[in-house]
Amino acid sequence: VGPSSDANTLDDYEEGTFTGVVADGSGNNMTMNGSWTVGYYTKVGNLVTVNGQFITSSVGSASGAVRLTGLPYTSLNNPSVHSGSTAGYADDMNITAGYPVSFYIAPNTSYLNFHIWDAADGTTGLQASEWSDNGAIIFEFSYRVA
C-alpha cells in the first residue's frame, strides 16, 4: 500500500516468530524446554499481538520476580500504554490454587512481567520459587509499539 493521507490506510503489516525465555530481573535465564520457546506475532500499524506456550525444564539460578523476555518489539515509551492480561493456562507452578497468573508490559520494554493475584490489595510479582522446573504458561495479548 502506497502513501496516503487517510490515517486508516493499512501501511505496516508483519508476521513472525520470537523466542521467549523466562528469566529474572538480573538476566538469570531459566532453562527452556526447546520444543516450547517459539511465540508468534502479528504487527498491524503500531499494535502487536503475541501468543505462545512457553515451558521451562529447569529454574536454574533464577531468583526473585520472573518475566518472559524476547518479545519482538519494544513497547511505546508512554505511561498510558501499559497492557496485560491473565494467562489462559499455567501449569506446574508452586502457587496456591485459585490465584491466577497475570502479566503486563510496561512502557519502553520488550518483556512481560509475571504477577499472581495473591495479595489483599492486588498482585505481587511471580517469584522464581513459585515457578517449578517444568512450569508452563500460555497467553495471547496485544500491546502498542513506537
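Values below: every heavy atom of this structure, side chains too, minus hydrogens, waters and symmetry copies. Each residue takes its place number in the sequence, starting with 1.
Of all heavy-atom pairs between T37 and M32, the closest is CG2-CB, 3.4 Å. Contact detail for A128 and A62: the closest heavy-atom pair is CB-O, 3.4 Å. Nearest approach of P79 to P107, heavy atoms of both residues: CA-CG, 3.9 Å.
The shortest side-chain heavy-atom distance between L47 and R144 falls under the 4.5 Å cut-off.
Among pairs with a residue in residues 126-140, those fulfilling side chain to side chain donor-acceptor pair (under 3.5 Å) read T56-W131, at least two apart in sequence or across chains. For residues 18-31, the pairs satisfying side chain to side chain donor-acceptor pair (under 3.5 Å) are D24-N28, with sequence neighbours left out. For residues 82-94, every residue pair satisfying the side chain to side chain donor-acceptor pair (under 3.5 Å) rule, not counting sequence neighbours, is listed here: Y89-D91. The stretch residues 32-47 participates, sequence neighbours left out, in these salt bridge (Lys or Arg N to Asp or Glu O under 4.0 Å) pairs: D12-K43.
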Is there a ring pair (Phe, Tyr, Trp, His ring centres under 6.0 Å) between F141 and Y104? Walk through the geometry before answering. CA-CA 9 Å; F141 86 109; Y104 73 93; 10.0 Å; no
Using side-chain contact (heavy atoms from CB on, under 4.5 Å), reason through T74 and V145 one step at a time and then give a plain yes or no. CA-CA 6 Å; T74 299; V145 300; over 6 Å; no
Going through the checks in order, is the side-chain contact (heavy atoms from CB on, under 4.5 Å) test met by Y13 and T42? CA-CA 7 Å; Y13 179 88; T42 302; 3.7 Å; yes
Verdict with supporting geometry, L68 and I137, side-chain contact (heavy atoms from CB on, under 4.5 Å): CA-CA 10 Å; L68 183 84; I137 194 158; 5.8 Å; no
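Rounded to the nearest 0.5 Å, atoms CG (N33) and OG (S58) are 11.5 Å apart. The CZ atom of F103 sits 6.0 Å away from the CZ atom of F139 when rounded to the nearest 0.5 Å. Rounding to the nearest 0.5 Å places CG of N77 at 4.0 Å from CG of N108.
Under the 4.5 Å side-chain heavy-atom criterion for Ile, Leu, Val, Met, Phe, Trp and Tyr, Y41 and V21 are members of the same hydrophobic cluster. In this structure, Y99 is a member of the same hydrophobic cluster as V66, with clusters built from ILVMFWY side-chain heavy atoms closer than 4.5 Å. Placement of F18 and V48 within a single hydrophobic cluster is found when ILVMFWY residues are connected by side-chain heavy-atom separations under 4.5 Å, directly or transitively. Tracing side-chain contacts under 4.5 Å through hydrophobic residues (I, L, V, M, F, W, Y), one never reaches V50 starting from I55; they form parts of separate clusters.
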Only pairs under 3.5 Å count here: list side-chain donor-acceptor contacts from residues 110-118, not counting sequence neighbours, and write none if there are none.
unit_1	atom_1	unit_2	atom_2	d
H115	ND1	T123	OG1	3.0
H115	ND1	T124	O	3.4
W117	NE1	S102	OG	3.3
D118	OD1	T124	OG1	2.6
D118	OD2	T124	OG1	3.3

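Ring centroids of Y73 and Y143 are separated by 6.0 Å or more, keeping the two rings apart.
N78 meets the side-chain contact (heavy atoms from CB on, under 4.5 Å) test with L76, S80, V81; sequence neighbours excluded.
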